[in-house]
Visitor: 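Quick one: structure below, then a few questions.
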Amino acid sequence: MPVIVLEARDFVSPVSLVRTWEVVSGCATFSLAASLTAGELSRRPGSDAVKAFCMFVWCFFFVASLLIHALSVIQFHSLVPISWKNLTATVASLGALMSLSASVLFPWMVMGREDVGPRAAAAAAGSCLTFLAYATEALVLRWRAPERRGYMGSNTGLLKTLQLWGGCQMAPLAAALLAEIPGGAKPWRFWVPAASHGACLLAALVTVAVVVGDLAGRCPLPFDRLLAGFSLGGVLLCTAATVIGVSNVLRLKRLGPDAELVVTATAVSGITLLAYTVDLAFSVKLLRDRSHT
């Protein structure tokens, strides 16, 4: 197949324009955030971990979007030995969720509460624009025909992306919580949810890697049964994390003034649990339908 370089239509298509928006806003956002001085940053415990998380999100998806955009324009994507439609759908939807998280966490945990400087405000605004860019691309890809948007663009694939987001989101929250545990609190109440989400994150990464790498046919186990097992394990682990989180919320008066972190972590656990529960229902229905055919 011949490689066609730099056609005009590749620059003016809706997807190309949105990806250009992602690259520009992402680059501007992490550049502004990196230039902030110590006086413009919050000094609360856990803010360093949250800032590192936000910087990682902006830099990672900037690089991913730049590579995807470049490969699409020069039409090299057909030569890449992966499922391109699943890769682009995953980056778009996960980029929207992670950028939304960074847009919330950055002004809440990283920016100084007093005398907010123009660069900090511009970085927060840039993060919001980056979220809108990825959300727009996810919607554009979602409007495509089912055979063009791939598995990760389907309802089940979006649930997998939401599960991956939940595991990634718990990383900075767990770090901030562990940095702020008061002396009278029991550390296991924070370590167990963090470990549960870590295991779920590993399973979600394996699932996405298999789908994007188009390796489902090479799995030693039937892939649909493997997905059902991951969903069942995710339900059990996230249930434990959510129950412990709710118990921590009920003990807020004994956990000190930073109770909003506990509430946020519990909410993330609940959202992730809901995603795994719905995904498990889809997996069981799929297995049942196949057993009757």
Visitor: Where is the tightest heavy-atom contact between Ile244 and Arg189, given as atom of each residue plus distance?
Guide: CG2-O, 3.3 Å
Visitor: Measuring only between side-chain heavy atoms, which start at C-beta, is Leu71 closer than 4.5 Å to Trp84?
Guide: yes
Visitor: Do Leu129 and Leu105 belong to the same hydrophobic cluster, where Ile, Leu, Val, Met, Phe, Trp and Tyr are linked whenever their side-chain heavy atoms lie under 4.5 Å apart, directly or via other members?
Guide: no
Visitor: Just how far is it from atom NE2 of His197 to atom CG of Leu273, taken to the nearest 0.5 Å?
Guide: 9.0 Å
Visitor: Do the side chains of Met111 and Phe30 join up, straight or via other hydrophobic residues, at under 4.5 Å, putting them in one cluster?
Guide: yes
Visitor: Working to the nearest 0.5 Å, report the span between OG1 of Thr90 and NZ of Lys160.
Guide: 12.0 Å
Visitor: I need the minimum non-hydrogen distance between Gly166 and Val268, along with the two atoms involved.
Guide: O-CG1, 3.9 Å
Visitor: When rounded to the nearest 0.5 angstrom, what is the spacing between NZ in Lys85 and CG in Leu87?
Guide: 13.0 Å
Visitor: Any side-chain to backbone donor/acceptor pair from Ser127 onto Ala123? Under 3.5 Å, distance only.
Guide: no
Visitor: Can you tell me how far the OG atom of Ser154 sits from the CG atom of Leu159, to the nearest 0.5 Å?
Guide: 8.5 Å
Visitor: With heavy-atom distances below 4.5 Å as the criterion, would you say the side chains of Thr272 and Tyr276 are in contact?
Guide: yes
Visitor: Got a second to check how far Phe131's CZ is from Leu100's CG, nearest 0.5 Å?
Guide: 4.5 Å
Visitor: Let me check something: any side-chain donor-acceptor pairs from residues 221-243 under 3.5 Å, sequence neighbours excluded? List them with distances.
Guide:
residue: Asp224; atom: OD2; partner: Arg290; partner atom: NH1; Å: 2.8
residue: Ser231; atom: OG; partner: Leu227; partner atom: O; Å: 2.9
residue: Ser231; atom: OG; partner: Asp279; partner atom: OD2; Å: 3.0
residue: Thr239; atom: OG1; partner: Val235; partner atom: O; Å: 2.5
residue: Thr242; atom: OG1; partner: Cys238; partner atom: O; Å: 2.7
residue: Thr242; atom: OG1; partner: Ser269; partner atom: O; Å: 3.4

Visitor: If you take all heavy atoms of Ala33 and Met55, which pair is closest and at what distance?
Guide: CB-SD, 3.6 Å
Visitor: Which atom pair, heavy atoms only, marks the closest approach of Val91 to Ala64?
Guide: CG1-CB, 4.3 Å
Visitor: With the side chain counted from C-beta on, respond yes when Ser93 and Leu158 share a heavy-atom pair under 4.5 Å apart, and no when they do not.
Guide: yes
Visitor: Determine the minimum heavy-atom distance between Gly26 and Thr130, stating which atoms define it.
Guide: N-OG1, 3.6 Å
Visitor: Flag yes if Leu97 and Val57 sit in one hydrophobic cluster, no otherwise; membership is Ile, Leu, Val, Met, Phe, Trp, Tyr, and two members link when side-chain heavy atoms are under 4.5 Å apart.
Guide: yes
Visitor: So do Phe190 and Asn248 actually touch side chain to side chain, heavy atoms under 4.5 Å?
Guide: yes
Visitor: Determine whether Lys51 and Asp48 make a side-chain contact, defined as any pair of heavy atoms from C-beta on separated by less than 4.5 Å.
Guide: no
Visitor: Has the side chain of Thr29 got a donor or acceptor atom that lies under 3.5 Å from a matching backbone atom of Gly126?
Guide: yes
Visitor: Looking at Ser99 and Gly95, what are the two nearest heavy atoms and their distance?
Guide: OG-O, 2.7 Å
Visitor: Just wondering, do Phe53 and Phe106 contact through their side chains at under 4.5 Å, heavy atoms?
Guide: no
Visitor: Is any side-chain heavy atom of Thr20 closer than 4.5 Å to a side-chain heavy atom of His69?
Guide: yes
Visitor: What is the distance from atom CD of Gln163 to atom CD1 of Ile271, rounded to the nearest 0.5 Å?
Guide: 13.0 Å
Visitor: When the ring centroid of Tyr134 is compared with that of Trp21, is the distance short of 6.0 Å?
Guide: no
Visitor: Can you tell if the side chain of Asp214 reaches within under 4.5 Å of the side chain of Ile82, non-hydrogen atoms only?
Guide: no
Visitor: For the backbone of Ala28 and the side chain of Ser31, can you confirm whether one donor and one acceptor N or O come within less than 3.5 Å of each other?
Guide: no
Visitor: Is there a chain of hydrophobic side chains (I, L, V, M, F, W, Y, each step under 4.5 Å between heavy atoms) that links Val24 to Val63?
Guide: no
Visitor: Ignoring hydrogens and angles, write down the donor-acceptor pairs under 3.5 Å from the side chains of residues 135-142, residues two or more places apart or on other chains.
Guide:
residue: Thr136; atom: OG1; partner: Leu132; partner atom: O; Å: 2.7
residue: Glu137; atom: OE2; partner: Arg19; partner atom: NE; Å: 2.9
residue: Glu137; atom: OE2; partner: Arg19; partner atom: NH2; Å: 3.2
residue: Arg142; atom: NH1; partner: Gly153; partner atom: O; Å: 2.5
residue: Arg142; atom: NH2; partner: Asn155; partner atom: OD1; Å: 2.4

Visitor: If we ignore hydrogens and angles and just use 3.5 Å, is the side chain of Ser65 paired with the main-chain N or O of Phe62 as donor and acceptor?
Guide: no
Visitor: Using the rule that Ile, Leu, Val, Met, Phe, Trp and Tyr join whenever any side-chain heavy atoms are under 4.5 Å apart, tell me whether Leu201 and Val208 fall into a single cluster.
Guide: yes
Visitor: Between Trp165 and Ser101, is there a side-chain donor-acceptor contact under 3.5 Å, judged purely by atom types and distance?
Guide: yes
